[in-house]
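Every heavy atom of this structure was used, including side-chain atoms; hydrogens, water molecules and symmetry mates were not.
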Amino acid sequence: MNIFRLLCMFGFMIVNLSGCITFPTDESLHVKILWDNPLAVNSCTHKGTIIGSQGHFYDYWLHSDKDMVWGTLNEMRIKAHQLNADTVYLYEHFGFLSSVTLIGNAYDCSQPLILETTSGASAKN
């Protein structure tokens, strides 16, 4: 009986400690993810740096790598949407063995970037 109780408590602990993979929201579905073309964000407005991460040392074996990458990208899309960005440019990943962590910049590429010149006139980039 004690072994059964111990196994039940251990199973309950694992289920409660293991987080779920992040799913996209309706608002974040429009956010694009870029990683191989830095020129694609030249005419965009930088909104901020974002970090996405999925998996922990105690539950990484419960999720596939594909699911953790998908969840990480969804987390980044949600954060980008919260910054009013429509594009995420990935530029770094951290090589952890038990999780997926990505870092990137969020951009608004819906409007062309307008640069102010020293004479006060605006010029489109």
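Taking the side chain as every heavy atom from C-beta outward, Thr101 and Thr72 never approach each other to under 4.5 Å. Proximity of Ile50 to Asn105: side-chain heavy atoms (C-beta onward) are nowhere separated by under 4.5 Å. Between Asp108 and Thr87, the closest side-chain pair of non-hydrogen atoms is not below 4.5 Å. Contact annotation: the side chain of Leu34 never approaches that of Leu90 to less than 4.5 Å [non-hydrogen atoms, C-beta and beyond]. In this structure the side chain of Leu73 never reaches within 4.5 angstrom of the side chain of Val88, judged on heavy atoms.
Put simply, the side chain of Lys79 gets close to the backbone of Ile51: a donor and an acceptor are under 3.5 Å apart.
If you take OG1 on Thr49 and OH on Tyr91, they are separated by 4.0 Å, rounding to the nearest 0.5 Å. Expressed to the nearest 0.5 Å, how far CG of Leu102 lies from OG of Ser53 amounts to 8.5 Å. Rounding to the nearest 0.5 Å gives a distance of 10.5 Å between CZ of Arg77 and NE2 of His30.
Scanning both residues, Gly55 and Ser99, for their nearest heavy atoms gives O-CB, 3.4 Å. What you find for Ala40 and Cys44 is that their closest heavy atoms are O-SG, 3.8 Å. For the pair Val41 and Tyr107, the tightest heavy-atom approach, listed with the atom from each and the gap, is CG1-CD1, 3.9 Å. In terms of heavy atoms, Ser110 sits closest to Asp86 at N-OD2, 3.2 Å.
Connection of Val100 to Ile78 is not established within any shared hydrophobic cluster, with ILVMFWY side chains joined at heavy-atom distances below 4.5 Å, either directly or through further cluster members.
For Lys47, the salt bridge (charged side-chain N to carboxylate O under 4.0 Å, His left out) test picks out no residue, with sequence neighbours left out.
Between the side chains of Thr22 and Gln54, at least one donor-acceptor pair of N or O atoms lies under 3.5 Å.
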Run the side chain to side chain contact (heavy atoms under 4.5 Å, CB included) check on Gln111 and Thr45 step by step: do they pass?
-> CA-CA 8 Å; Gln111 300 293 323; Thr45 304; over 6 Å; no
